Amino acid sequence: MSKKVQFILQTATLLVFAGLEILLFMKYDATVYVWILVVPVIPVFIVLFGYHTWRRICPLAFFSKISQNIKFKRRKIPKWFEENFFAFQFWFLFVAFILRATVLNSNTHFLAGFFILVIFLAFFTGILYSGKSWCNFLCPVSIVEKIYCVSGSYSYGAFQTSKCETCTACKKNCPDIDLENSHWREMGVNSRRFTVYAFPGLVFSFYFYNYLYAGSWDYYYSGLWAVEENLLYKINDPGFFFMPFIPKWAALVLTQLFFSFFGYYLFLYFEKMLQNSTSTKGFSQGDITHIVFTVAAFSAFNIYYIFAGAPSYSNFPAWYALFHFIVIVISTIVLWHEIHRKEKNFVQDRFAKQYLKKLKNEEPPTRDLQEIYYTYVLNEKQYNVRIQKYKETMKDLLSNGILDQDNIVMLEKMRDQTGIGSTEHNKIINELKIEDNELFTESSDFSVEKRLQINSYKKVLEKTLQNPNVSADVLKGIKDTYEIEDTTHKAIISELTDLDSVLNSKIKPIIDELVEKSKYVLQLQASSKYSIKYLRHLIRSDIVRSFNALKTTLALIADERIVNNLYSIINKDFDEETLHKTIGGVFNEDISRSVETLFQNIYKADKNTGETINYHKVLNNLLSSYKKNEYIVATSLYIAAEMKITFDFSFDTVRSYLIEDVINKLYENSSRQSNTTIIQRHIYLHNIKLFQTLDETELDSLAKAMEEVRFSKNETLVKSGDIGDSLYIIIEGSADIIITSKDGSDERISTVKEGDVIGEISVVCDIPRTASVVAGANLLTIKLSGNSFKNILYTNPELSLLVMQGITKRLLER
């Protein structure tokens, strides 16, 4: 099915579904349209156009799929549930039938709510579980699709698959990859046998109960059941016309249980009859079970359409007759085709299908797989060619899950037909076991779905890696989309790439560049000037950020736990010895040395080496290396002006408001040199312990909100009792903190100086000033509004904690 056709059909089903929801809320008898006109069309559509067609356009599948766009760590359905999901789906359907008869038949709002509930179940299943977990394991309609389509072989040539574009191997023997393969592989599952055999009885019981309830068929065929009001209040009414003492809800449960188990034992008896019949001599157990499955599906399909839609269609005899004629024709065709289908036919078809792929440019004379099997396989003239193609085809069948340990005996019968002797056959089997023993493993880790998942992921990854500039985020996104485990991913990466090659081509040049940049930290270590310290801090932060950007790349080629440990050491708790032990599990020897040098430079460069710093050269190099980092450029320009260093630098090569501010105030307009630049305020703020946890952008938002304020000697900065709407940071000079004692006299309790903060207590606590502050000589401060300070506190927990500690200490001192 083309994507365009699929889109049109899916849009149509969604519009119908949405239209029904609206109708149910607007029209009191809208349930008639649902049960009699719309629902009966769905099984006919599924059987007529194929299982995979419906799976691609089902509205519930759509809602389950769209929820998978939400980023969430999904899991797979538990194994115990996967082994029993047929029973779950059957009893889900069982309960749904009871709800329909007691609540949903005529109550439009309840029915609309039920549909919405199922949509939410599908949606949230898609969030929690991978792939088509809703469709395969939980949706009650899924079991109906499988029962009515039986093996799906009658429509095999039409739409072969409805598999996900990004397979996550959510289910073993996935019907969306190959319905018939799933059919034969799950033939012996007891819960499936019970479900298929009990289903016709369940369908019959639902309609027959209307007779047991009313005492005649008039209640059903008149359509009264579809418009009867207040059904929920009638669940305790008499349930059987002949046993009125049994309430309706209990009568429904008993009726459905009785006929479900009656159907199960009836078809189980039929299966045993076939096993003992001479007409099925030579049939495998799977072939016999398949026949009973087919008859059960035919029975359920026709029982359903004897009743479904009859209350409305019976008013139009011609249309009703035509509709039933179509139903009978469709079900008979399916019955005739499926009842003659055997597992060996399925294997032969797949053998022929795989064989077709090896013909390359040859055009087969027919598209009939059985004819191709006998024409091409049996008439291959060159024996050696036949042997090779036989081996290749067998490997494909094993890889695709068509053959396994149980039915490989069937292949031995087939090789007699191909003219290949037992010696050659056994030799081929041994060769395949040596080449790939996983082909003969029953583990789910090597299922056809797992292979499809890994092969699809490998192809996409291989294509993506051809781009030398591909980012690690892109690779991680692909890994998450396919839900590939870390161990599997690393095995594939090792297969597709050479680890040393990846390290050297993608990582080593970056680390080498960072090592060169870290030398600036070493060169600037001798100075105690605040501006130099801030420049070192900026360079160090830039290097750490650049190194952090390698994390996703490293996680692709090294153990995630080790990588996380490495980044914890680097970013939070640097320890040279632990770093040395850790990087050996991530990098090769050459890069490990570079990483150690890098972090020695940026974390251990704290002592004065006694060497004279050539600031002219260092600042020139910094301006050249960090053209795109406005903070480093602006700080370097400020230091150059501060040290009266002149050098060739084109102010037109890089521009930003920070750099413009430095140039305007310190280079191009000397009359304004008394004003502090924004980058100066960065330096002042960073020198204060309280603000050292802030990054450049947070410092910037504070610096832009500040203003320079000078005070003369004995001038009051803040007065006790005033409302605190701002705080001050001392840049130069000192000030006295004064409180009024009990006798009314002023008492100096402490002196604040360069780097101290004044007025933060009243701003944070929203209380009047607790003391007055009087300036000493030539006091220079920068003033920050209370609102700007609070905004930073709200977004920075570390700063908030430091402020609280400082306030507590200050109050205790008083």
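Remember, it's a predicted structure, so these values are computed and weren't measured experimentally.
- E21 meets the salt bridge (charged side-chain N to carboxylate O under 4.0 Å, His left out) test with no other residue; sequence neighbours excluded.
- Evaluation of the ring pair (Phe, Tyr, Trp, His ring centres under 6.0 Å) rule for F137 yields F85 as partners, not counting sequence neighbours.
- A side-chain donor-acceptor contact under 3.5 Å links T13 to the backbone of I57.
- The local environment of NZ in K76 is crowded, with over 12 non-hydrogen atoms from other residues, nucleotides or ligands closer than 6.0 Å.
- Partners of K281 by side-chain contact (heavy atoms from CB on, under 4.5 Å), not counting sequence neighbours: none found.
- Remark: R74 engages no residue in a salt bridge (charged side-chain N to carboxylate O under 4.0 Å, His left out) (not counting sequence neighbours).
- Cation-pi contact between R100 and W35: present, with separation from the ring centre below 6.0 Å and deviation from the ring axis of at most 45°.
- S64 contributes no side-chain N or O that, together with a main-chain N or O of L60, makes up a donor-acceptor pair within less than 3.5 Å.
- A salt bridge does not link E83 with K172: every distance from a Lys NZ or Arg NE/NH1/NH2 to an Asp or Glu carboxylate oxygen is 4.0 Å or more.
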Ring pair (Phe, Tyr, Trp, His ring centres under 6.0 Å) between F88 and F81, worked out: CA-CA 8 Å; F88 172 83; F81 190 86; 5.2 Å; yes
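- Not counting sequence neighbours, the partners of F208 by the ring pair (Phe, Tyr, Trp, His ring centres under 6.0 Å) test are F204, Y211, F259.
- The side-chain contact (heavy atoms from CB on, under 4.5 Å) check on T280 picks up L274, S277, F283, I288, with sequence neighbours excluded.
- The ring pair (Phe, Tyr, Trp, His ring centres under 6.0 Å) check on F262 picks up nothing, with sequence neighbours excluded.
- Qualifying side-chain contact (heavy atoms from CB on, under 4.5 Å) partners for C149, counting only residues two or more places apart in sequence or in other chains: I46, Y51, Y154, L179.
- Residues forming a side chain to side chain donor-acceptor pair (under 3.5 Å) with S284 (at least two apart in sequence, or on another chain): D287.
- No more than 12 heavy-atom neighbours from other residues, nucleotides or ligands sit within 6.0 angstrom of CH2 on W336.
- Each salt bridge (Lys or Arg N to Asp or Glu O under 4.0 Å) pair with one or both residues in residues 124-136, not counting sequence neighbours, appears once here: K132-D176.
- The ring pair (Phe, Tyr, Trp, His ring centres under 6.0 Å) search around Y264 returns F194, not counting sequence neighbours.
- For I127, the side-chain contact (heavy atoms from CB on, under 4.5 Å) partners are S67, I70, F72, F123, F124, not counting sequence neighbours.
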